[in-house]
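Each chain gets a letter, A, B and so on, in the order its sequence line appears, and its residues count up from 1.
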2 protein chains.
Amino acid sequence: MEFHGGGSAGIVVSGNNVPAFLTNLWTLVEDPDTDPLICWSPNGNSFHVFDQGRFSKEVLPKYFKHNNMASFVRQLNMYGFRKVVHIEQGGLVKPEKDDTEFQHPYFIRGQEHLLENIKRKVTNVSNVKHEELKMSSDDVSKILTNVQHIKGKQETIDSKIIAMKHENEALWREVASLRQKHAQQQKVVNKLIQFLVTLVQSNRVLGMKRKIPLMLGDSSSAHSMPKYSRQYSLERLQASLQASPAISVSLPLPTTVAG
Amino acid sequence: MEFHGGGSAGIVVSGNNVPAFLTNLWTLVEDPDTDPLICWSPNGNSFHVFDQGRFSKEVLPKYFKHNNMASFVRQLNMYGFRKVVHIEQGGLVKPEKDDTEFQHPYFIRGQEHLLENIKRKVTNVSNVKHEELKMSSDDVSKILTNVQHIKGKQETIDSKIIAMKHENEALWREVASLRQKHAQQQKVVNKLIQFLVTLVQSNRVLGMKRKIPLMLGDSSSAHSMPKYSRQYSLERLQASLQASPAISVSLPLPTTVAG
DNA sequence: GGAACGAACGTTCTAGAACCAGAG
DNA sequence: CTCTGGTTCTAGAACGTTCGTTCC
């Protein structure tokens, strides 16, 4: 901590991030030899440049690699300096006075350590920013087109969903109807069987001992129901019919779809 | 057609769209009195400015409302003039030569009528362009967010569609199964009736004249099938069973949904 | 005639962009 | 080589000025 930046002369060590332009500018403004062309303003908050022609030709080359006032001003702006605009006082000020004043909040006479706070404006990696902006303005329409396309797909899908929903509802109704019919059929079958049993019992009571064949295998349905194509006893038939499983297929609950 | 723009002096009438800057510049370059500070290049395709300090202080105020070289250059650029860059020939050219050269394809010595083709670059009505660009870059994120949102909805809808598709397939399978069971049941019923008919005919053949009651109305199913709770003749039963309608509910075709 | 308005041009200050140069 | 700062030319942006048009 030997160099704590207190002095205005000597080497600045700690955080020597100050670019050459700022140190050169500071030296330039401080130098008494150049005061006729560039010097601090009386209050030390800004500096003046007199006679840009002489300044650019005589002073700038000593501190920079050019002799153009425009380049000097460009650098000042790059570092955040602003030109101090003077109000024209009519004819009170002689119009030939070539006086330009620049100012920066951290460029103060006697406060050289503040130079560290002056930052060069970052060039937005021209390619990136420009291309991004160009892409933005150029591709906004593309994005919107894509969004429109997606919306169209959404609508198509919506109609498909509605169709499927209706189909689903019809299917559920069909399933319910079929189940009901199946139950009714089953009851009819049961009653038929019960009637048959009663009939057979009545025949037995009447002394009929003759065995009655079950002629379930006629020619019209032999090919479609081969397992019933043989002759069965009445008891076997009854057992076979009642053993038919109840309709209970596992089904998901009806899906709810927003219309 | 008295004034056909051929002369280099006098009033230009037809299409006097040439801004003051261009006519002033032309006069300035043509004027022999200012040749030491501004003049045509030897081939007449460009002009030179020597000693910017003297030029800006002595010449510019005579033709414009300022004495700043920067403003003059800005106007040149606004009208499409380009600076002609000179290749530095090492020490062969004296470095102190203050020589600036500008060129425009329609600023040619002796071709004053071409000035009409020099157009000032339009200022993009700063507000509009800037706001549009800002809107673009600001709203791109919004659009992208919306797109993401839509994508999320798409995925949700996709899963719903898949669920509905599976449900639909299960329903179709169920319907097919139920129809098959119904058909089988119907065949069974038909065969039972056929058997009954055969049985009754056998009984008749055997001389049994006693009328056999149809006891289809037992206590266990009387409440669920009231229309069968009375006694029917065998013929009536058969007709009733065969009159049960075939399962033919109008259903849409299975919906095809992309997975 | 003249007041109000708008469009194009003019002036000024600042920033963009391309290119260069030197340090790490 | 890459990265940061420097130099140069051009453009952006804000504001002023001029001039023609319109409406009273």
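The residues A/Lys57 and B/Asp98 are annotated as salt-bridged, a charged nitrogen and a carboxylate oxygen being separated by less than 4.0 angstrom.
In this structure, the CD atom of A/Gln52 is 10 Å from the P atom of C/dC13, given to the nearest Å. Between the CG atom of B/Asn17 and the P atom of C/dA8 there is a distance of 12 Å, given to the nearest Å. One atom, CG of B/Leu76, and another, P of D/dT10, lie 9 Å apart when rounded to the nearest Å. Taking atom NE2 of A/His66 as the reference point, atom C1' of D/dG5 lies 12 Å away to the nearest angstrom. Between the CG atom of A/Asn24 and the C1' atom of D/dT7 there is a distance of 14 Å, given to the nearest Å. Atom P of nucleotide D/dG5 and atom NZ of A/Lys119 are separated by 9 Å, given to the nearest angstrom. Rounded to an integer number of Å, the gap from B/Phe102 CZ to D/dT8 P is 13 Å. Rounded to whole Å, the distance from CZ on A/Arg120 to C1' on D/dC3 is 12 Å.
Between B/Pro61 and B/Ser56, the shortest heavy-atom contact is CD-O, 3.2 Å.
Side chains of B/Thr100 and B/Gln52: a donor on one and an acceptor on the other come within 3.5 Å. Side-chain contact of A/Trp172 with B/Glu167: a donor-acceptor pair under 3.5 Å is present, judged by distance alone.
When the side chain to side chain contact (heavy atoms under 4.5 Å, CB included) test is applied to A/Ile150, the partners found at least two apart in sequence or on another chain are A/Gln154, B/Ile150, B/Gln154. Residues passing the side-chain hydrogen bond (donor to acceptor under 3.5 Å, both in side chains) test with B/Thr27: none are found, sequence neighbours excluded. Take B/Phe50 and apply the ring pair (Phe, Tyr, Trp, His ring centres under 6.0 Å) test, not counting sequence neighbours, and it matches B/His48. Residues meeting the side chain to side chain contact (heavy atoms under 4.5 Å, CB included) test with B/Asp33, sequence neighbours left out: B/Asp31.
At D/dG5, none of the side-chain N or O atoms of A/Tyr79 fall inside 4.0 Å of OP1 or OP2 (strictly under the cut-off). One finds a side-chain N or O of A/Arg82 lying less than 4.0 angstrom from the OP1 or OP2 phosphate oxygen of C/dT14. Residue B/Asn68 has a polar side-chain atom (N or O) positioned under 4.0 Å from OP1 or OP2 of C/dT12.
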Treat primed atoms plus P, OP1 and OP2 as sugar-phosphate and everything else as base, then score nucleotides 16-21 of chain D 5' to 3': B for base contact with protein heavy atoms under 4.0 Å, S for sugar-phosphate contact only, - for none. ------
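Checked against C/dC9, D/dC9, C/dT11, the side chain of B/Ser71 finds its nearest nucleotide in C/dT11. Among C/dT14, D/dG6, D/dA11, the nucleotide with an atom closest to any side-chain atom of A/Val73 is C/dT14. Here C/dT14 is the nucleotide among C/dT11, C/dG16, C/dT14 with the atom lying nearest to any side-chain atom of A/Lys83. The side chain of A/Pro19 approaches D/dG5 more closely than any other nucleotide in the set D/dA11, D/dG5, C/dC13. Listed nucleotides: D/dC9, D/dG6, D/dT10. Nearest to the side chain of B/Lys121: D/dT10.
Applying ring pair (Phe, Tyr, Trp, His ring centres under 6.0 Å) to B/Trp26 and the options B/Tyr106, B/Trp40, B/Tyr79 leaves one that passes, B/Trp40.
A/Phe107 and A/Phe81 have perpendicular rings, their planes meeting at more than 60° on a 0 to 90° scale where under 30° would count as parallel.
Backbone-only contact: A/Ala20 has heavy atoms under 4.0 Å from sugar-phosphate atoms and none from a base.
Within a heavy-atom distance below 4.0 Å of DNA chain C, no residue of residues 38-46 of chain B is found.
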